[in-house]
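Worksheet: one structure, shown below.
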Amino acid sequence: MKRAIIVLCSLIVIFIAILTFQFVNFGKDTNGDTLDNEGEYYNIEDSVKIGDSLYNKELIKVDTNPDSYTMIVNRDYPMPKEYVPSDLVVPEVKFSFYGTYEKSYMRKTAADAIKKLFDGAKSEGYELKVVSAYRSYERQEAIYNNNIRKKGKENTDAVSATPGCSEHQTGLCADVSSDSVGCTIEQNFGDSPEGKWLAKNSYKYGFIIRYPKGKSDITGYSYEPWHIRFVGNNLAKYLYDKKITLEEYYKTTTVDNKVPEDEQISDTDTGADLPDEPQMTTAPTPKSTDYVNDYVDSDSKVTDKPTDEPKKSPKPSKDKKPKPTKKPKVTKKPAKTNEPVITEKPVKTKEPAETARPEKTPEPATTEESVKDPGSEESQ
């Protein structure tokens, strides 16, 4: 009997432990990160614990707005074909080439930030140069098609960005190198003094190494120590401190497009089979971005086609001129009324004459003593 009680108590304790575990872990995925009821991810460290329950402090949505500094671009989240940044300028830094081309431009904020980054490197004895910055959808398409001709579509898709999936179209990134490696775009740049300085300090200026070593199964691209991306100072520091990528920050990954770590991406904008870029005197002409908000569907992903342009409304028909209104007739002035007749003052009535005082009546004569009342004491 005693043993049965002990077994029963043990079973009750185990049952309570299971229920507690399920309650505490309700709404979490297998990686320990919390999910809301719509399946969107947010980080446990950004959550608030009230009692034994965990509540999300801030849900981190996947940013796909092409104009945003923190937007993500990869195979799963492509850029709209029509997108061209409206604030492209040539940064005041050194380039690995002479002349001004499409690849010379960056968005204004990113251009200002990369100048500060290059100045910071120079102050410590390191000189960096921009090899390629902005790249249009059409230019990326030419690079992609060239790689298909050389490697075939399957091999190209494994290592090269399809048109619309390149960060260069954002105007927020740049491929940088140094004279120490001949300004080439090679992985050995990461071992150069300039490459090591860039990896250690780029976050201070709002940039990240977009495709770091050991993250190919997450980003979908191999290690690119030369590719820096502007995301703003706050997010850059956060990603650097946590040692995570944009995909990890937004809890999304391109694991279905894994790239071998030692595979060299041939996604540069130069090549023997590519047509030379014409020199440019002005920035690429921006296109309408009115469609940008319509590109994001309910899953925060970019749709394939932009919405149709609104139809022009017909011009309003010309109305006939209104007839002029007649002037109102002038009304006659009212006749002047006669002044009122002044009435005479009333005659003042005479005060009434004083009436004569009545004469004083004489006092009555004294009479003899009256006879005593028969009812008096004397008559009793």
Side-chain angles (χ1 to χ4, degrees), residues 63-74 77-119 128-144 161-177 183 185 198 202 205-210 224 226-233 235-236 246 267-270 274-296 302 306:
D63 186 354
T64 59
N65 182 353
D67 285 327
S68 173
Y69 298 133
T70 58
M71 63 94 64
I72 189 170
V73 180
N74 56 29
Y77 296 94
M79 294 281 289
K81 179 179 180 179
E82 292 79 5
Y83 180 74
V84 176
S86 60
D87 56 348
L88 291 172
V89 297
V90 178
E92 298 177 7
V93 298
K94 287 189 176 182
F95 291 84
S96 64
F97 53 88
Y98 295 100
T100 302
Y101 302 90
E102 182 183 87
K103 63 184 178 182
S104 304
Y105 289 87
M106 295 184 75
R107 288 186 63 182
K108 180 68 169 59
T109 302
D112 294 341
I114 201 170
K115 182 183 185 306
K116 293 177 182 178
L117 185 151
F118 277 34
D119 289 345
L128 298 169
K129 292 182 179 179
V130 172
V131 178
S132 178
Y134 171 71
R135 191 184 304 161
S136 66
Y137 181 97
E138 290 75 18
R139 184 70 178 173
Q140 183 64 33
E141 191 172 37
I143 294 170
Y144 178 75
T162 56
C165 298
S166 172
E167 277 201 332
H168 286 275
Q169 192 182 344
T170 67
L172 298 172
C173 71
D175 294 338
V176 301
S177 191
C183 284
I185 300 299
L198 187 67
S202 60
Y205 304 90
F207 288 90
I208 59 171
I209 304 298
R210 181 66 179 88
E224 292 190 4
W226 62 83
H227 184 106
I228 58 174
R229 158 71 193 278
F230 180 78
V231 294
N233 288 12
L235 183 55
L246 272 179
D267 196 31
T268 61
D269 61 349
T270 58
L274 282 173
D276 293 333
E277 287 184 83
Q279 289 201 24
M280 306 181 72
T281 56
T282 59
T285 304
K287 300 174 184 177
S288 172
T289 56
D290 293 340
Y291 60 85
V292 169
N293 291 333
D294 296 330
Y295 256 83
V296 183
V302 178

If the condition is side chain to side chain donor-acceptor pair (under 3.5 Å), which residues does Thr162 pass it with, not counting sequence neighbours?
none

Pairing residues for Tyr105 by the ring pair (Phe, Tyr, Trp, His ring centres under 6.0 Å) criterion, not counting sequence neighbours
none

OG1/Thr170 to CD1/Ile72 distance, rounded to the nearest 0.5 angstrom?
12.0 Å

Take Met106 and Val130 through the side-chain contact (heavy atoms from CB on, under 4.5 Å) test and state the conclusion after the steps.
CA-CA 11 Å; Met106 295 184 75; Val130 172; 5.6 Å; no

Mind listing the closest non-hydrogen atom pair of Asn74 and Cys165 along with its distance?
O-SG, 3.6 Å

Non-neighbouring partners of Lys115 that pass salt bridge (Lys or Arg N to Asp or Glu O under 4.0 Å), sequence neighbours left out:
Asp119

NE2/His227 to OG/Ser132 distance, rounded to the nearest 0.5 angstrom?
9.5 Å

Sequence-distant partners of Thr109, side chain to side chain donor-acceptor pair (under 3.5 Å), two or more places apart:
Tyr69

Phe118: partners by ring pair (Phe, Tyr, Trp, His ring centres under 6.0 Å), with sequence neighbours left out:
none

Quick one: salt bridge (Lys or Arg N to Asp or Glu O under 4.0 Å) partners of Arg210, sequence neighbours excluded?
Glu167, Glu247

Those residues that, when tested against Pro163, pass side-chain contact (heavy atoms from CB on, under 4.5 Å) (two or more places apart)
Tyr137, Glu141, Tyr144

Given side chains that start at C-beta, do those of Val84 and Tyr134 come closer than 4.5 Å, heavy atoms only?
yes

side-chain contact (heavy atoms from CB on, under 4.5 Å) partners of Asp87, counting only residues at least two apart:
Pro85, Arg107, Lys108

Do Asp67 and Tyr83 touch side chain to side chain, with heavy atoms closer than 4.5 Å?
yes

Atom pair OH/CZ of Tyr101 and Arg139 - distance to nearest 0.5 Å:
10.5 Å

Any residue meeting side-chain contact (heavy atoms from CB on, under 4.5 Å) with Glu138, in chain and number order, not counting sequence neighbours:
Ser136, Lys287

My understanding is that only residues two or more places apart in sequence, or in another chain, count here; which of them pass side-chain contact (heavy atoms from CB on, under 4.5 Å) with Ala142?
Leu274

Rounded to the nearest 0.5 angstrom, the CD1-CD1 distance for Ile208 and Ile228 is 10.0 Å

side-chain contact (heavy atoms from CB on, under 4.5 Å) for Thr70 and Leu246? Distances and angles first, verdict last.
CA-CA 9 Å; Thr70 58; Leu246 272 179; 5.8 Å; no

Where do Met280 and Ser104 land on the side-chain contact (heavy atoms from CB on, under 4.5 Å) test, with the steps shown first?
CA-CA 9 Å; Met280 306 181 72; Ser104 304; over 6 Å; no

In the structure I gave you, are the side-chain heavy atoms of Gln140 and Gln169 within less than 4.5 Å of one another anywhere?
no

Restricting to pairs with a member in residues 89-98, which pass side-chain hydrogen bond (donor to acceptor under 3.5 Å, both in side chains), not counting sequence neighbours?
Lys94-Glu127

Supply the atom-to-atom distance Trp226 CH2 to Leu128 CG, rounded to the nearest 0.5 angstrom.
15.0 Å

Test log, rule ring pair (Phe, Tyr, Trp, His ring centres under 6.0 Å), inputs Tyr205 and Phe207
CA-CA 6 Å; Tyr205 304 90; Phe207 288 90; 8.1 Å; no

How about Lys103 and His168: do any of their side-chain heavy atoms sit closer than 4.5 Å?
no

Rounded to the nearest 0.5 Å, how far apart are CG of Leu172 and CD1 of Ile114?
11.0 Å

Atom of Val131, atom of Phe97 and distance for their closest heavy-atom approach:
O-CE2, 3.3 Å

Could you please spell out the steps behind the side-chain contact (heavy atoms from CB on, under 4.5 Å) verdict for Met71 and Asp63?
CA-CA 5 Å; Met71 63 94 64; Asp63 186 354; 4.0 Å; yes

